[in-house]
Amino acid sequence: MVRPISGKDVCVRAAMLCLALWTSAACHAGEVEVLHYWTSGGEAKSLGELKGMMTNRGHSWKDFAVTGGGGQNAMSVLKQRVLSGAAPAAALIKGPTIQEWAELNVLTNLDAMAEFEKWDALLPKVIADQMKHQGHYVAVPVNVHRVNWLWANSAVLRKAGVTSLPRTYDEFFAAADKIKAAGFIAVAHGGQDWQDFTVFESVVLGVGGAAFYNNALVQLDKRSLASDTMRQSLEVFRRLKSYVDDKASGRDWNVATDMVIKGKAGFQFMGDWAKGEFLAAGQRPGVDFSCSAAPGTDTAYTFNVDSFAMFQLKPWEAQKAQGYLAYLLMGQDFQEKFNLRKGSIPARLHMDMEKFDACAKASSKDFVAASKAGTLVPSIAHGMAVSTAAQTALRAVVSDFWNSDKTTVGDAMSKLVLAASTKPR
Ligand code: GAL
């Protein structure tokens with residue numbers, strides 16, 4: 001639970017005023033330690049924007065980077081730190097996991113800042129709600145990543161005679177066959193459980209549609225998990241494996257992206273943090289690479305919101321630096337500079353998208369359209385949809401199915417039903 005505004009929060013209010021005034025001599029520098037897992041080329045560049053803004057204001061930045069895409073390693077390290085009483089100022093914590101940390105009463109109440117800066121008017125409700133525990137802000141959103149993307153190397157497709165981006169799985173497999181026949185790897189993939197799960201969720205969305213995705217992977221409806229549509233989804237998912245090279249096991253996501261960047265592979269199913277890698281490599285959307293909705297998902301949008309939860313700190317200087325961090329994260333300047341490099345779009349509404357590329361503009365438009373059409377769905381693979389325990393259990397079933405040809409579709413569906421009943425620890 002999170003305390004309502006109290007005396008301590010008066011300090012936070014003072015910090016806000018300090019922020020706003022900027023002139024106060026009392027606004028001395030402080031240190032912020034931030035736990036994250038943004039260690040790839042594109043991720044590091046985007047985080048560099050934040051570090052620069054904090055240090056430009058005189059605060060010092062203590063980087064607490066834990067490698068491992070998807071963030072599983074980072075969450076394990078964070079648990080140890082918090083349990084030993086050494087929580088960082090902020091940590092990259094997302095979706096329902098925010099609630100799990102807030103229940104431990106270790107997060108700072110950010111309502112003073114949120115009211116001061118009018119966050120409720122600046123955020124889509126679906127995002128603002130995720131940042132609150134019992135109605136109190138405890139986290140700050142920095143972006144919206146779209147997960148249901150298919151990335152392609154334009155030259156590879158051209159050489160293989162693939163003249164249009166696949167919109168259905170029939171078209172996808174026909175294109176993938178041409179790419180293989182031309183001597184390229186059709187699908188670049190990293191054989192890690194969270195990546196297997198990322199591909200799987202896009203397949204379920206593409207085969208079954210948004211309503212089915214919500215029933216099966218958000219509501220964890222057992223009938224849906226054991227339905228013919230899930231059977232079809234698992235069959236498409238398994239068929240994809242024959243288009244992946246035999247060295248995929250353990251490969252990091254950005255190494256797979258680099259295979260597409262360098263023209264070794266034609267496609268990658270990945271969220272648009274992959275675009276950050278293309279951009280960091282100097283590649284241009286629509287010229288060197290293309291972004292398109294994963295097959296069957298062009299009218300749907302799987303969202304993954306990166307956010308920083310703020311931990312309760314004692315030292316006044318640290319509180320002020322933390323308050324300034326929260327202020328910066330929601331600011332227009334950061335939301336633009338960071339997202340231009342991260343591959344995502346701003347979480348903040350009414351941003352000028354002029355500097356963003358066609359992929360980002362499409363993502364921004366599709367987010368609004370999907371929200372209106374009821375086809376905006378939370379990514380289960382990236383911690384937006386269910387409890388950490390259920391996500392972990394379902395992810396293990398999906399990854400085992402991907403890795404073990406002996407596991408039949410029927411076995412996998414039975415295991416999904418079982419995993420779905422995993423209660424939050
Ligand atoms: C996601 C995270 C992204 C990116 C990706 C790869 O869960 O939201 O920001 O870091 O993992 O690590």
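All residue numbers in this chain count up from 1 along the given sequence.
Under 3.5 Å, the side chains of Gln268 and Thr257 contain a donor-acceptor pair of N or O atoms. Defined by atom type and a distance below 3.5 Å, a donor-acceptor pair is present between the side-chain atoms of His145 and Lys342. A donor-acceptor contact closer than 3.5 angstrom links the side chains of Asp63 and His36. Inspection of the Thr407 and Ser404 side chains reveals an N or O donor paired with an N or O acceptor under 3.5 Å. For the residue pair Gln192 and Gln195, a side-chain donor N or O sits within less than 3.5 Å of a side-chain acceptor on the partner. Side-chain contact annotation: Glu100 with Ser387, donor-acceptor N/O pair under 3.5 Å absent.
Ion pairing between a basic and an acidic side chain is recognised when a charged N comes within 4.0 Å of a carboxylate O; Asp400 and Arg395 show no such pairing. Between Asp333 and Lys337 there is a salt bridge, since at least one side-chain N of the basic residue sits less than 4.0 Å from a carboxylate O of the acidic one.
Side-chain contact between Val140 and Trp119: present, with at least one pair of heavy atoms (C-beta onward) separated by less than 4.5 Å. In this structure, the side chains of Val147 and Phe303 stay at 4.5 Å or more apart for every pair of heavy atoms. Inter-residue side-chain proximity for Met310 and Leu107 is flagged as unmet; no heavy-atom pair is nearer than 4.5 Å. Using a 4.5 Å heavy-atom cutoff, the side chains of Phe269 and Thr198 are not in contact. Counting heavy atoms from C-beta on, the side chains of Leu225 and Leu217 come closer than 4.5 Å. Inter-residue side-chain proximity for Val34 and Lys62 is flagged as unmet; no heavy-atom pair is nearer than 4.5 Å. Residues Lys222 and Ser421 meet the side-chain proximity criterion, which asks for heavy atoms closer than 4.5 Å. His133 has its side chain out of reach of Ile98: every pair of non-hydrogen atoms, C-beta onward, lies at least 4.5 Å apart.
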Can you give me every donor-acceptor pair (side chain of residues 203-216, partner residue at least two apart or in another chain, under 3.5 Å) with its distance?
unit_1, atom_1, unit_2, atom_2, d
Tyr213, OH, Pro378, O, 2.8
Tyr213, OH, Ile380, N, 3.1
Asn215, ND2, Ala211, O, 3.4

Kindly list each side-chain donor-acceptor pair under 3.5 angstrom involving residues 354-363, sequence neighbours excluded, with atom names and distances?
unit_1, atom_1, unit_2, atom_2, d
Lys355, NZ, Glu336, OE2, 2.9
Asp357, OD1, Lys275, NZ, 2.8
Asp357, OD1, Cys359, N, 3.0
Asp357, OD1, Ala360, N, 2.9
Asp357, OD2, Lys275, NZ, 2.9
Lys361, NZ, Phe356, O, 3.4
Ser363, OG, Tyr301, OH, 2.7

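Proximity of a side-chain donor or acceptor of Thr392 to a complementary backbone N or O of Thr388 within less than 3.5 Å is detected. The backbone N or O of Gly52 lies less than 3.5 Å from a partner atom in the side chain of Asn56, making a donor-acceptor pair. Of the possible polar contacts, none joining the Asn143 side chain to the Ser344 backbone as a donor-acceptor pair under 3.5 Å is found. In this structure, Asn148 contributes its side chain and Ala300 its backbone to a donor-acceptor pair below 3.5 Å. Between the Arg57 side chain and the Met53 main chain, no donor and acceptor come within less than 3.5 Å of each other. Between the side chain of Ser84 and the backbone N or O of Arg81, at least one donor-acceptor pair lies under 3.5 Å. Between the side chain of Trp61 and the main chain of Glu33, no donor-acceptor pair closer than 3.5 Å is present. With hydrogens and angles disregarded, no donor-acceptor distance shorter than 3.5 Å links the side chain of Asn304 to the backbone of Ser379. The main-chain N or O of Gln72 is found under 3.5 Å from a side-chain atom of Ser76 such that the two form a donor-acceptor pair.
In the displayed structure, Arg238 atom CZ is contacted under 6.0 Å by more than 12 heavy atoms of other residues, nucleotides or ligands.
Counting only residues at least two apart or in different chains, side chain to side chain donor-acceptor pair (under 3.5 Å) contacts with residues 42-52 comprise Ser40-Glu43, Glu49-Arg341. Sorted by first then second residue, the salt bridge (charged side-chain N to carboxylate O under 4.0 Å, His left out) pairs that include residues 131-156, not counting sequence neighbours, are Asp120-Lys132, Arg146-Asp366. Sorted by first and then second residue, the disulfide bond (SG atoms under 2.5 Å apart) pairs involving residues 93-146 (not counting sequence neighbours) form an empty list. Among pairs with a residue in residues 194-225, none fulfils disulfide bond (SG atoms under 2.5 Å apart), at least two apart in sequence or across chains. Residue pairs satisfying the disulfide bond (SG atoms under 2.5 Å apart) criterion with at least one member in residues 84-154, sequence neighbours excluded, are absent. Among residues at least two apart or in separate chains, ring pair (Phe, Tyr, Trp, His ring centres under 6.0 Å) pairs with a member in residues 83-113 are Trp101-Phe311. The stretch residues 203-220 participates, sequence neighbours left out, in no salt bridge (charged side-chain N to carboxylate O under 4.0 Å, His left out) pair at all. Screening residues 37-83 for disulfide bond (SG atoms under 2.5 Å apart) gives no qualifying pairs among residues at least two apart or on separate chains.
Between Leu234 and Phe200, the closest heavy-atom pair is CD2-CE1, 3.6 Å. The two residues Leu313 and Ala87 come nearest to each other via the heavy atoms CD2-O, 4.3 Å. Heavy atoms only, all atoms of each residue included: Leu110 and Ala326 are closest at CD2-CB, 4.4 Å. Annotation for Leu157 and Gly266: closest pair CD1-O, 4.1 Å, computed over non-hydrogen atoms. Taking every heavy atom of both residues into account, Leu123 and Ala347 meet most closely at CD2-O, 3.7 Å. The heavy-atom pair separating Pro141 from Gln335 by the smallest distance is O-NE2, 3.1 Å.
Of the candidates Phe172, Tyr243, Phe289, Phe172 is the only one forming a ring pair (Phe, Tyr, Trp, His ring centres under 6.0 Å) with Phe267.
Asp288 meets the salt bridge (charged side-chain N to carboxylate O under 4.0 Å, His left out) test with Arg284; sequence neighbours excluded. Residues satisfying the salt bridge (charged side-chain N to carboxylate O under 4.0 Å, His left out) criterion with Lys125, sequence neighbours excluded, are Asp129.
Aromatic ring centroids of Phe197 and Trp253 lie 6.0 Å or more apart. His59 and Tyr324 have their aromatic ring centers within a separation under 6.0 angstrom.
Separating the CG atom in Leu349 from the CD1 atom in Ile127 is a distance of 7.5 Å, to the nearest 0.5 Å. Rounding to the nearest 0.5 Å places CG of Asp196 at 6.5 Å from CH2 of Trp402. Once rounded to the nearest 0.5 Å, the distance linking CZ of Phe278 with CH2 of Trp151 reads 7.0 Å. If you take OG on Ser233 and CZ on Arg231, they are separated by 11.0 Å, rounding to the nearest 0.5 Å. Between atom OG1 of residue Thr97 and atom CD of residue Gln130 there is a gap of 9.5 Å, rounded to the nearest 0.5 Å. To the nearest 0.5 Å, atoms OG1 (Thr302) and CD (Glu201) are separated by 5.5 Å.
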